[in-house]
Amino acid sequence: MTQPDLLTSAQLAQSLQLLRQQSPLVHCMTNDVVQTFTANVLLALQASPAMVIDAEEAAQFVSFADALLINVGTLTRDRRDAMLAAVQSASKVGTPWTLDPVAVGALSLRTEFCQQLLSLHPAAIRGNASEILALANQAAGGRGVDSVHQADAALSAAQQLAQDYHTLVAVTGEVDYVTDGKRTLAIPGGSPLMTRVVGTGCALSAVVAAFSSLPGDRLQHVAAACRVMSLAGEQAARTVEGPGSFVAAFLDKLWTLEVAA
């Protein structure tokens, strides 16, 4: 397996500029806890969020969207069926979709569903180390949405998943890794405050979906999605006293973020 390279400032600047130019429409089938925050993160990056959950409507809407996010955080059987309909529609029309396997490994419904979805060719998978290890059948999973593993412990599993399913895998933690199984990019940075606010990881998956829709090097774009979020988190944390003010500052930093090429 390859060792990671670092995402360059020039690559980050290129991907961020392209995202703002394209303003992709992201169909977010995500969990109930994070919908508003996820939508605000996408809007702050000049992307467009949509939340369509009915099975019939979701399957129809995918053809209008530039990207689809499947986040199983508050999965129900009805929502599973709607998500499957949307993914199947996305596969037919060529809409890239991203899987966020929230808390996979500990609970059977979501674990079986995410394993089923792997065969439908996600453009990207974004999860913490425990989720990626569980998805690769190498560990039992984390403590709910919290990882009990460091990101580098899941790097080999991420690379294998990427190769087996011809996808990109982003495993996130204190250092994020994005791999296609052959190339791997490392993205350091962020702030501990990002783990004290509900939804930063789920919102990152929506941002990954948005960046996955861009033309060009998808590995670079997904790595840029991770760095955009961690960089905004770093900058916001310097100016706030705690989680409450961090949310507002974080959105502002996403809106004003500038990267020198």
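The minimum heavy-atom distance linking V197 with P243 is given by the pair CG2-O, 3.9 Å. In this structure, F246 and A237 approach most closely via the heavy-atom pair CE1-N, 3.9 Å. Heavy atoms only, all atoms of each residue included: M194 and M229 are closest at CE-O, 3.5 Å. Residues A153 and L133 come closest through the heavy atom pair O-CD2, 3.9 Å. Across V222 and A170, no two heavy atoms sit closer than the pair CG1-CB, 4.3 Å. Nearest heavy atom pair, residue G242 against residue L193, reads C-CD2, 4.1 Å.
A chain of hydrophobic side-chain contacts below 4.5 Å, direct or via other Ile, Leu, Val, Met, Phe, Trp or Tyr residues, connects I125 to V87. Connection of V34 to L68 is not established within any shared hydrophobic cluster, with ILVMFWY side chains joined at heavy-atom distances below 4.5 Å, either directly or through further cluster members. W97 and I53 fall within a single hydrophobic cluster, where Ile, Leu, Val, Met, Phe, Trp and Tyr are joined by side-chain heavy atoms under 4.5 Å apart, directly or via other members. The cluster map of Ile, Leu, Val, Met, Phe, Trp and Tyr, joined by side-chain heavy atoms under 4.5 Å apart, puts L185 and L214 in the same cluster. Criterion: ILVMFWY side-chain heavy atoms under 4.5 Å apart, direct or through other members. Under it, L99 and L109 are part of a common hydrophobic cluster.
Between the CG atom of L135 and the SG atom of C114 there is a distance of 6.5 Å, given to the nearest 0.5 Å. One finds the OG atom of S230 at 10.0 Å from the CD atom of Q235 (value rounded to the nearest 0.5 Å). The OH atom of Y177 lies 6.5 Å from the CG atom of L155; values are rounded to the nearest 0.5 Å. Distance check: L7 CG to H221 NE2 gives 11.0 Å after rounding to the nearest 0.5 Å. Rounding to the nearest 0.5 angstrom, the gap separating the OG atom in S156 from the CG atom in L161 is 10.0 Å.
T111 places a side-chain N or O within donor-acceptor distance of the main-chain N or O of G105, the cut-off being under 3.5 Å. Between the side chain of H166 and the backbone N or O of H121, no donor-acceptor pair lies under 3.5 Å. Of the possible polar contacts, none joining the E57 side chain to the D54 backbone as a donor-acceptor pair under 3.5 Å is found. Checked by atom type and distance alone, the side chain of E131 never pairs as donor or acceptor with a backbone atom of V104 at under 3.5 Å.
A heavy-atom distance below 4.5 Å is found between the side chains of F61 and L25. For the pair P4/T179, no side-chain contact is recorded, criterion being any heavy-atom separation below 4.5 Å from C-beta on. Put simply, the side chain of V26 does not reach to within 4.5 Å of the side chain of P49, judged on heavy atoms. The closest side-chain heavy-atom distance from S48 to S23 is below 4.5 Å. Side-chain atoms of F64 and T95, non-hydrogen and from C-beta on, never get closer than 4.5 Å to each other. With a 4.5 Å cut-off on side-chain heavy atoms, R218 and L168 count as touching. Two residues are said to be in side-chain contact when any heavy atoms from C-beta on lie closer than 4.5 Å; T98 and P122 fail this criterion. Side chains of N40 and T36 form a contact here, defined as non-hydrogen atoms less than 4.5 Å apart.
Other residues, nucleotides and ligands contribute more than 12 heavy atoms inside 6.0 Å of the CD atom of Q21. Within a 6.0 Å sphere centred on CD of E174, other residues, nucleotides and ligands contribute 12 heavy atoms or fewer. For R196, the CZ atom is loosely surrounded, since the number of other residues' heavy atoms within 6.0 Å does not exceed 12.
We find that E258 and K253 are not joined by a salt bridge, their nearest charged nitrogen and carboxylate oxygen being 4.0 Å or further apart. Contact check on D32 versus R79 returns a salt bridge, with a Lys/Arg side-chain nitrogen under 4.0 Å from an Asp/Glu carboxylate oxygen. Remark: R183 engages D217 in a salt bridge, criterion side-chain N to carboxylate O under 4.0 Å.
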Should V228 and L254 be marked as a side-chain contact (heavy atoms from CB on, under 4.5 Å) after you check the CA-CA gap, both sets of side-chain angles, and the distance that decides it?
-> CA-CA 7 Å; V228 161; L254 288 173; 3.8 Å; yes

Could you please spell out the steps behind the side-chain contact (heavy atoms from CB on, under 4.5 Å) verdict for L84 and Q116?
-> CA-CA 9 Å; L84 181 59; Q116 177 186 3; 3.7 Å; yes

Could you walk me through whether V175 and I187 pass side-chain contact (heavy atoms from CB on, under 4.5 Å), step by step?
-> CA-CA 6 Å; V175 176; I187 307 95; 5.9 Å; no

Would you please test D100 and S205 for side chain to side chain donor-acceptor pair (under 3.5 Å) and show each step?
-> CA-CA 6 Å; D100 186 339; S205 294; 2.7 Å; yes

Worked verdict on L19 versus L45 for side-chain contact (heavy atoms from CB on, under 4.5 Å) | CA-CA 8 Å; L19 181 87; L45 286 169; 4.0 Å; yes

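Below 30°, between 30° and 60°, or above 60°: for F250 and F37 the angle between ring planes is below 30°, a parallel geometry.
Inspection of the T172 and R126 side chains reveals an N or O donor paired with an N or O acceptor under 3.5 Å. Side-chain N/O atoms of Q159 and T184 include a donor and acceptor closer than 3.5 Å. Q220 and S15 are linked by a side-chain donor-acceptor pair at a separation below 3.5 angstrom, with hydrogens and angles left out of the test. No hydrogens or angles considered: nothing links the side chains of T74 and N31 as a donor-acceptor pair under 3.5 Å. Checking Q11 against T8 by side-chain atom types alone, a donor-acceptor pair falls below 3.5 Å.
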